[in-house]
There are 4 protein chains.
Amino acid sequence: MSFNELYVRKSEGAAARSRRETRRRLIAAGTELFARRGLYGATSSEIARQAGVAAGTFYLHFKDKQELFREIVFAALAELRAREDAAAARAPDRLTELRARYHELLRFADENRNLVRVLFGRRHEAADLGEDVLDAILPGLEERLREGSGSARLHPGVAAQALAAMVSRVLAWWVEDPGRASRDEVVETLLRLHPLVRTLERAHPTEAEET
Amino acid sequence: MSFNELYVRKSEGAAARSRRETRRRLIAAGTELFARRGLYGATSSEIARQAGVAAGTFYLHFKDKQELFREIVFAALAELRAREDAAAARAPDRLTELRARYHELLRFADENRNLVRVLFGRRHEAADLGEDVLDAILPGLEERLREGSGSARLHPGVAAQALAAMVSRVLAWWVEDPGRASRDEVVETLLRLHPLVRTLERAHPTEAEET
Amino acid sequence: MSFNELYVRKSEGAAARSRRETRRRLIAAGTELFARRGLYGATSSEIARQAGVAAGTFYLHFKDKQELFREIVFAALAELRAREDAAAARAPDRLTELRARYHELLRFADENRNLVRVLFGRRHEAADLGEDVLDAILPGLEERLREGSGSARLHPGVAAQALAAMVSRVLAWWVEDPGRASRDEVVETLLRLHPLVRTLERAHPTEAEET
Amino acid sequence: MSFNELYVRKSEGAAARSRRETRRRLIAAGTELFARRGLYGATSSEIARQAGVAAGTFYLHFKDKQELFREIVFAALAELRAREDAAAARAPDRLTELRARYHELLRFADENRNLVRVLFGRRHEAADLGEDVLDAILPGLEERLREGSGSARLHPGVAAQALAAMVSRVLAWWVEDPGRASRDEVVETLLRLHPLVRTLERAHPTEAEET
DNA sequence: AATGAATGAGGGTTCATTCAT
DNA sequence: TATGAATGAACCCTCATTCAT
């Protein structure tokens with residue numbers, strides 16, 4: 001029995017490993033192809049082929065094309081958020097924190113261009129998914145804006161939409177050709193455009209203004 | 001001959017009028033259906049049906065689905081621009097001009113919700129088209145930013161992307177439910193977030209700041 | 001205008017005629033293939049090919065495979081019923097009427113072997129459809145049995161099921177090879193097995209019994 | 001050697017027992033799923049899963065899906081026949097025997113509703129199998145009818161088909177909802193409809209007629 | 001110019017079956 | 001003997017587009 005068990009265990013391990021590897025390759029292939037051709041343009045068969053597996057194998061790992069897409073998007077979002085939070089944790093004040101977040105964001109984008117294209121690029125076919133992604137981001141954004149906006153004439157809902165769009169588009173634009181602007185230029189420009197930085201600038205004019 | 005000519009002319013006129021009318025209806029139907037279902041979701045046959053013509057007629061007026069889409073998008077853009085310029089012409093200074101432009105933009109959006117959805121809504125399947133649209137808008141934007149940004153730490157390319165994204169998204173968000181914010185709130189928030197207004201504010205702090 | 005109308009009319013007529021013809025051929029091909037391979041075994045493409053049209057054309061005429069199947073089955077049922085009723089109308093008494101119905105049924109079956117195979121053959125994949133077909137037949141059957149059964153120990157529901165099964169199977173069996181029994185033999189055997197004929201026989205023993 | 005032999009035997013015994021158990025569970029799962037979803041609707045993987053084994057295991061026990069289906073059907077048929085014969089053995093005359101057979105049949109059907117659905121229910125996808133099943137039943141039936149029908153105007157082939165269909169359909173109908181008719185009602189109705197009972201009734205009018 | 005029936009390539013998806021472990 | 005990941009053929013169906021009328 002222990003023999004059998006061992007055999008079974010080993011076998012399961014190999015199978016499971018193979019399965020995970022296949023899944024990983026499907027996700028990688030999906031990320032690239034979705035980025036290149038969009039949700040509609042990419043076909044499940046092509047993704048499978050690029051992953052080096054048969055067409056049917058796709059459906060052993062994902063219920064349908066949408067599911068792979070979701071998976072890719074949310075995994076990316078989660079990683080991004082984690083990295084941003086880690087970068088933010090070390091910041092002494094809010095302006096520094098924001099700058100750190102943006103730097104991290106740019107670094108992440110640079111390392112995951114395909115992902116950025118899928119997430120924020122034109123050809124935003126995320127369809128229903130788009131809702132979910134934004135619903136996951138916007139409320140927090142709005143909240144922070146509401147807290148921080150003070151007496152300013154800023155409508156938090158409007159500002160949240162504006163901010164989210166601004167950042168996501170700049171990102172998508174930048175990864176298309178990072179030579180267009182240095183990381184610092186992008187970060188500093190985004191900072192200047194951030195609704196709350198105006199307030200921060202007032203509080204610490206020397207730091208933000210004197211360049 | 002002149003008789004015949006007259007007849008032909010008249011006949012051509014009627015045919016041409018009928019043709020133009022068919023085209024107009026196809027564009028109207030396309031606008032609505034693209035807005036409702038997106039570029040991929042809307043089918044050429046459905047557009048034809050909604051326009052009250054046969055499926056094949058579609059292709060007498062447009063090379064393919066993309067062409068109708070282009071047509072709709074650029075016609076809308078042109079009208080929008082004309083109205084904005086008209087509104088801007090009467091402004092005494094740049095802040096007032098910008099405010100007038102935004103107000104006109106919001107009015108236009110309110111009157112053409114479907115168009116806004118097609119142009120800027122999620123499900124931005126404009127695909128290759130998106131490039132063209134933005135290429136048509138962004139250079140001017142960038143130019144103006146370059147002129148106006150003065151010594152500020154703003155990268156014009158980045159800021160142009162940010163601005164375009166900000167405005168287009170806020171528009172798309174607002175037309176989904178105009179009750180979310182008053183027209184004034186939207187305009188004023190967008191103004192506050194505009195890269196150049198910060199500079200303007202500095203120049204004329206009383207006007208923009210004291211509310 | 002009358003010219004145009006005429007043209008249009010003629011054109012519509014030709015198109016409509018062509019359409020009807022295509023539909024007719026799809027139905028014919030479907031009847032044969034469903035009979036030969038069953039609902040699952042027959043493929044929409046094969047039906048289209050056999051009808052001499054492209055695969056997609058199938059779906060211009062029928063929502064899906066099931067719909068063609070339904071169409072075939074109910075059209076056949078309707079025709080059968082009409083012919084039976086016509087045959088029955090001339091009968092002076094119930095036994096004669098029933099005999100006439102059975103004779104007409106056999107004649108119909110002989111002329112439409114494929115249809116009989118589809119309707120009653122083994123490989124009864126009519127699935128949900130089967131319900132509808134039987135629901136269309138059984139209630140009337142049961143009603144007549146209830147009226148006619150008199151004091152006999154017959155449960156009308158059971159007898160209705162039995163009768164429907166008996167007739168439909170015999171039909172399917174017979175058309176497989178009509179040489180197995182003469183039309184008269186089939187009719188007379190079915191008559192002898194009919195629940196109500198026993199009663200009738202009792203009433204008029206001479207007519208039904210003395211052979 | 002005898003030691004070794006013993007060991008091998010014991011080991012084989014355990015393996016064989018396990019194998020038989022797996023097979024038993026596949027058959028049980030197959031019976032249920034074929035009844036619920038039909039031959040096409042049930043998938044080999046689903047049957048394996050319900051049996052608690054891996055997909056591949058299915059094919060260690062059965063050449064293919066059809067084979068399991070055959071197995072189920074013929075095993076059921078054999079059991080049914082055995083029970084019927086046992087019940088019939090105690091009968092003093094043919095009418096009593098037939099009544100006993102029918103009662104046993106109903107009892108069996110009630111206890112094995114899934115089986116009845118597989119065997120005789122609509123969605124008769126037994127396909128080629130159907131032939132075999134009926135070929136196994138009908139000849140005997142026909143023979144008995146030939147013997148018993150005496151001078152009556154009954155074609156034995158026709159009557160055999162009719163009888164088989166009648167009984168199998170009534171069974172399938174009844175197990176769907178046994179509340180539709182009592183066991184006695186079903187049996188008595190079937191008896192009245194049996195080709196030979198007419199003759200029997202003539203012979204023993206008191207028993208069969210006077211109720 | 002308009003019609004609308006027809007085309008046919010191509011997509012997503014399923015599932016019976018195989019085979020390395 | 002059992003596992004279960006993988007295969008890949010096959011199917012249903014959609015729709016942009018063509019073309020005879």
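Keep in mind the model is a prediction, meaning the values are calculated, not measured. Each chain gets a letter, A, B and so on, in the order its sequence line appears, and its residues count up from 1. Side-chain atoms are counted along with the backbone in the values below, which use heavy atoms only and exclude waters and symmetry mates.
- Of the side-chain N and O atoms in Ser18(D), none sit less than 4.0 angstrom from OP1 or OP2 of dT1(F).
- In this structure, the side chain to side chain contact (heavy atoms under 4.5 Å, CB included) partners of Arg20(D), at least two apart in sequence or on a different chain, are Ala16(D), Arg17(D).
- Counting only Watson-Crick or G-U wobble pairs whose defining distances are both under 3.5 Å, the stems of 3 or more consecutive pairs in DNA chain E are E:2-21 with F:2-21.
- Listed nucleotides: dA6(F), dA2(E), dT17(E). Nearest to the side chain of Asp64(D): dT17(E).
- Taking Arg25(A) as the reference, Glu21(A), Ala51(A) meet the side chain to side chain contact (heavy atoms under 4.5 Å, CB included) condition, with sequence neighbours excluded.
- Summarising the geometry, the separation between CD on Gln66(B) and C1' on dT17(F) is reported as 14 Å, rounded to the nearest angstrom.
- We find that CZ of Arg20(A) is positioned 17 Å from C1' of dA6(F), with the value rounded to whole Å.
- Taking Ser44(C) as the reference, Phe58(C), Tyr59(C) meet the side chain to side chain contact (heavy atoms under 4.5 Å, CB included) condition, with sequence neighbours excluded.
- Partners of Glu67(D) according to the salt bridge (charged side-chain N to carboxylate O under 4.0 Å, His left out) rule, which considers only residues two or more places apart in sequence or in another chain, do not exist here.
- Within residues 53-60 of chain B, the residues that place at least one heavy atom under 4.0 Å from DNA chain E are, in residue-number order, Val53(B), Ala54(B), Ala55(B), Gly56(B), Thr57(B), Leu60(B).
- Of all the residues in residues 45-52 of chain B, not one reaches under 4.0 Å from DNA chain F with any non-hydrogen atom.
- Listed pair His61(A) / dA6(F) meets the phosphate criterion, a side-chain N or O lying under 4.0 Å from OP1 or OP2.
- Within 4.0 Å of Ser44(D), counting heavy atoms only, lies at least one base atom of the nucleic acid.
- For Ser45(D), the side chain to side chain contact (heavy atoms under 4.5 Å, CB included) criterion is met by Thr43(D), Ala55(D), not counting sequence neighbours.
- Taking atom NZ on Lys65(A) and atom C1' on dT14(E), their separation rounds to 17 Å, with Å as the unit.
- Regarding Leu33(B), its CG atom lies at a distance of 13 Å from the P atom of dC15(F), rounded to whole Å.
- Summarising the geometry, the separation between CG on Leu68(C) and P on dC12(F) is reported as 12 Å, rounded to the nearest angstrom.
- Residues passing the side chain to side chain donor-acceptor pair (under 3.5 Å) test with Glu46(C), sequence neighbours excluded: Arg37(C).
- Remark: C1' of dA5(F) and CG of Leu26(A) are 12 Å apart, rounded to the nearest angstrom.
- In this structure, Arg24(A) atom CZ and dA5(F) atom P are separated by 17 Å, rounded to whole Å.
- Arg19(D) pairs by the salt bridge (charged side-chain N to carboxylate O under 4.0 Å, His left out) definition with nothing, not counting sequence neighbours.
- The list of salt bridge (charged side-chain N to carboxylate O under 4.0 Å, His left out) pairs with a residue in residues 48-66 of chain B, not counting sequence neighbours, is empty.
- Among residues two or more places apart in sequence or in another chain, the side chain to side chain donor-acceptor pair (under 3.5 Å) test is passed with Glu32(B) by Arg36(B), Gln50(B).
- The distance from atom CZ of Phe69(B) to atom C1' of dA16(F) is 16 Å, rounded to the nearest whole Å.
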